Amino acid sequence: MTGFDVQQFRQHFAFFQQQPDWVYLDNAATMHKPDAVIDAVSAFYQRHNSNVHRGAHRLSQQATAQFEQARATVAGYINARNNHEVIFTSGATAALNQIAFGLMHTVLQPGDRILLTQLEHHANIVPWQLHCQRYGIIIDVVPLTAEHQLDMVAYQQLLQLKPKVVSFSHISNVLGHIQPVAEMVRQAKAAGAITVIDGAQGIVYQPADMQQLDCDFYVFSGHKLYGPTGIGVLYGKSQWLETLTPIFAGGEMIDSVSFINTTFNKLPFRLEAGTPNIAGAIGLSAAIDWLQNYNIAQIIEHKLLLLKAFYSGLSAIKGIDILSLPVHNAGIVALNVDGQHPADVAELLNQQHIAVRAGQHCAMPLFSYLAQHNSAQHGAVRCSFAAYNTLDEVNRCLLALEQAVEILTA
Ligand SMILES: Cc1ncc(COP(=O)(O)O)c(C=O)c1O
């Protein structure tokens with residue numbers, strides 16, 4: 001018993017009433033939305049729909065107030081120093097692209113180094129690579145240990161090469177491992193680097209405190225935190241946000257425009273060109289407000305209970321190769337049935353209405369590494385748990401996996 005009432009929690013999700021047959025274990029891809037979020041988005045469209053920061057009428061002023069209140073809610077949730085340190089983007093991918101592009105144009109010089117890790121999502125690799133090739137910047141990569149954890153000794157050694165930027169994920173979207181981000185930021189700062197954290201999975205596990213972490217940038221997507229798709233957050237310290245060259249240019253982000261020259265608006269607007277996702281921001285803030293009714297420590301405990309039950313069940317099934325470690329794990333488990341394609345396993349689960357993801361999970365460099373060590377030639381099956389999952393669902397998944405092993409290896 002954790003003190004967390006999962007049945008009460010589930011009642012806030014229309015999805016589970018509409019689709020009672022489904023066991024949804026694809027939460028690392030996207031989460032379901034509580035009614036509070038769906039209601040907030042539809043209330044905005046039904047009652048307040050207007051553009052922000054530009055209307056001469058009261059509806060627009062109300063929409064602007066709601067939108068800016070959403071920014072304040074996000075800033076409060078991550079303990080940013082100022083509301084203008086929260087830039088709304090379309091998601092973590094857009095935020096990482098903005099940082100990579102923005103730094104490449106201003107801070108980075110040919111011959112500079114960027115430090116990434118072996119387990120990054122493509123969204124924290126390709127934006128850097130795209131610009132590195134053009135600007136002659138070198139990417140170094142922190143390797144993993146035999147247990148598939150970041151090699152912190154190698155990290156320290158690579159920091160001695162004095163990278164200008166160090167960018168890493170808070171939690172691996174494939175393995176679920178929680179990285180020692182506070183220590184990584186501390187060491188990177190001591191080496192003089194700008195620190196970027198991909199918090200797409202991290203923020204879901206627990207709120208991240210920007211002032212405590214002291215990173216320069218932190219990004220995440222609303223849709224993985226019970227919010228709508230199409231909204232994300234780029235947090236940055238003011239001094240770094242001021243430095244970024246905007247990746248998008250157009251309305252709202254300018255101060256004055258002529259055909260000779262353009263001057264830019266102040267933060268946060270200079271990095272939010274065009275009409276923002278107003279309903280998305282309002283939905284994300286509704287998700288955060290709603291989530292704050294719950295005790296995060298109890299939610300974590302509940303997820304750990306599910307994880308423990310899942311691992312214990314998996315260990316009793318012969319022929320399963322588990323790639324994720326059970327410790328320092330946020331509730332994401334990558335596994336394979338020995339010798340079988342993960343898509344075949346996922347399809348057998350799908351036939352029993354169990355939703356998981358199979359493949360390389362936008363982390364091909366991680367799988368090139370894992371493939372040298374075990375069964376991960378074609379990727380892996382990923383089961384990712386959320387607070388609304390139950391022990392019954394864990395057991396249904398275990399039974400389906402056991403049957404999959406029998407069918408595929410018969
Ligand atoms: C660790 C990580 N980074 C970045 C992303 C990209 O997020 P989005 O597709 O919402 O922009 C994801 C999505 O799965 C992720 O898990």
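Both ligands and their constituent atoms are indexed starting at 1 by order of listing. Just so it is clear, the model here is predicted, and its values are computed rather than measured.
The six-membered or imidazole ring of Phe67 lies near that of Phe88, with a centre-to-centre distance under 6.0 Å.
Of all atoms in ligand 1, listed by their number and element, those nearer than 4.0 Å to a heavy atom of His223 are 10 (O). When each atom of ligand 1 is checked for a heavy atom of Ser221 under 4.0 Å away, the hits are 7 (O), 8 (P), 10 (O), 11 (O). Within ligand 1, the atoms closer than 4.0 Å to a non-hydrogen atom of Thr93 are 6 (C), 7 (O), 8 (P), 9 (O), 11 (O), numbered from 1 in the order shown.
In the model, Asp344 has no side-chain atom that pairs as donor or acceptor with a side-chain atom of Gln340 under 3.5 Å.
At the top of the distance list for atom 1 (C) of ligand 1, counting protein heavy atoms only, stands Asp198 OD2, 3.5 Å. Ranking protein heavy atoms by distance to atom 16 (O) of ligand 1, first place goes to Gln201 NE2, 2.7 Å. Taking atom 13 (C) of ligand 1 as the reference point, the nearest protein heavy-atom neighbour is Lys224 NZ, 2.8 Å. From the protein, the heavy atom lying nearest to atom 15 (C) of ligand 1 is His121 CD2, 3.3 Å.
For the pair Val142/Leu116, no side-chain contact is recorded, criterion being any heavy-atom separation below 4.5 Å from C-beta on. A heavy-atom distance below 4.5 Å is not found between the side chains of Lys164 and Arg113.
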Yes or no on salt bridge (Lys or Arg N to Asp or Glu O under 4.0 Å) for Arg186 and Glu183, after CA distance, side-chain angles and deciding distance? CA-CA 5 Å; Arg186 196 190 63 70; Glu183 181 57 19; 2.8 Å; yes
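Both the sub-6.0 Å distance and the 45° axial angle are satisfied by Arg10 relative to the ring of Phe16.
No salt bridge links Lys237 with Glu242; every basic N to acidic carboxylate O contact stays at or beyond 4.0 Å.
Under 4.0 Å from ligand 1, not a single heavy atom of Glu120 appears. By the criterion of a heavy-atom distance under 4.0 Å, neither the backbone nor the side chain of Ser169 is placed next to ligand 1.
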